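What follows is one structure encoded as structure tokens, with my remarks underneath.
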Amino acid sequence: SWTESTPLLGDQSMAGFGAAGWSLRGHLIVSTHEGDMLQWDEPNKKWNLIGRSISPRFFHRFLPVDANTLVSIGGASMEEGKFVQLEAFA
């Protein structure tokens, strides 16, 4: 069954807007439209800020390139428009 978690960090009115997520090394990683890279801390039931995107974006996708690296693909931002370059996160 579904349960609610602690809200994502960031601007609460838009925190989950266009977010991307993936499991990396057994941890849920989420990238918000503000560029925050968050990791879910299951034992403590909270989100931890673990980094910042070089190019914050929304409606992007994560894909793993190996066991330790995610690549952010596509998306857009109000400042930059559509993204064609990839961004790696390890």
Side-chain angles (χ1 to χ4, degrees):
S1 66
W2 290 92
T3 59
E4 287 192 32
S5 74
T6 303
L8 294 170
L9 302 177
D11 173 11
Q12 287 307 296
S13 65
M14 300 278 289
F17 180 75
W22 199 271
S23 177
L24 184 66
R25 297 180 298 271
H27 298 281
L28 176 60
I29 307 294
V30 172
S31 169
T32 69
H33 79 283
E34 295 174 309
D36 292 341
M37 300 296 288
L38 308 174
Q39 179 177 301
W40 178 244
D41 178 351
E42 179 61 28
N44 295 305
K45 305 289 189 217
K46 67 176 192 150
W47 292 101
N48 293 318
L49 180 66
I50 59 169
R52 296 259 319 142
S53 174
I54 296 167
S55 303
R57 53 185 83 191
F58 49 83
F59 298 119
H60 53 301
R61 300 292 180 264
F62 274 158
L63 287 175
V65 293
D66 60 35
N68 296 305
T69 308
L70 293 175
V71 172
S72 182
I73 301 169
S77 78
M78 298 304 287
E79 295 78 21
E80 301 292 327
K82 296 176 185 172
F83 285 99
V84 295
Q85 73 274 18
L86 305 180
E87 182 179 342
F89 179 79

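Since the model is a prediction, treat every value here as computed from it, not as a measurement.
Counting heavy atoms from C-beta on, the side chains of Ile54 and Phe89 never come closer than 4.5 Å. At least one side-chain heavy atom of Ile29 sits under 4.5 Å from a side-chain heavy atom of Ile50. Contact of the Thr6 side chain with the Trp40 side chain is registered, since non-hydrogen atoms from C-beta on lie closer than 4.5 Å.
Considering all non-hydrogen atoms of both residues, Trp47 and Leu38 come closest at CE3-CB, 3.8 Å. Here the closest heavy-atom approach between residue Ala15 and residue Leu8 is recorded as O-CD1, 3.7 Å. Taking every heavy atom of both residues into account, Pro56 and Ser77 meet most closely at O-CB, 3.5 Å. Minimum heavy-atom separation, Leu24 to Ala67: CD1-O, 3.4 Å. Of all non-hydrogen atoms in Val30 and Ala19, the two that sit nearest each other are CG1-CB, 4.1 Å.
Classification of the Phe17-Phe59 ring pair by plane angle, with boundaries at 30° and 60°, yields perpendicular.
Rounded to the nearest 0.5 Å, atoms NE2 (His33) and NE2 (His60) are 11.0 Å apart. To the nearest 0.5 Å, the span separating CD on Gln39 from NZ on Lys46 amounts to 11.0 Å. Here the CG-CG distance, from Leu49 to Asp36, works out to 5.0 Å after rounding to the nearest 0.5 Å.
For CG of Leu63, the number of neighbouring non-hydrogen atoms (other residues, nucleotides, ligands) closer than 6.0 Å is greater than 12.
Arg61 contributes no side-chain N or O that, together with a main-chain N or O of Gly74, makes up a donor-acceptor pair within less than 3.5 Å. Distance alone, capped at 3.5 Å, is enough to place a donor-acceptor pair between the Glu87 side chain and the Ser55 backbone. At least one donor-acceptor pair closer than 3.5 Å links the side chain of Arg52 to the backbone N or O of Glu34.
Hydrophobic clustering keeps Val71 apart from Phe83 (ILVMFWY residues linked when any side-chain heavy atoms are closer than 4.5 Å, directly or through intermediates). Cluster membership check: Met37 does not share its hydrophobic cluster with Phe58, using side-chain heavy-atom separations under 4.5 Å among Ile, Leu, Val, Met, Phe, Trp and Tyr. Under a hydrophobic clustering in which Ile, Leu, Val, Met, Phe, Trp and Tyr are joined whenever their side-chain heavy atoms come within less than 4.5 Å, directly or via other members, Phe62 and Leu28 fall into different clusters.
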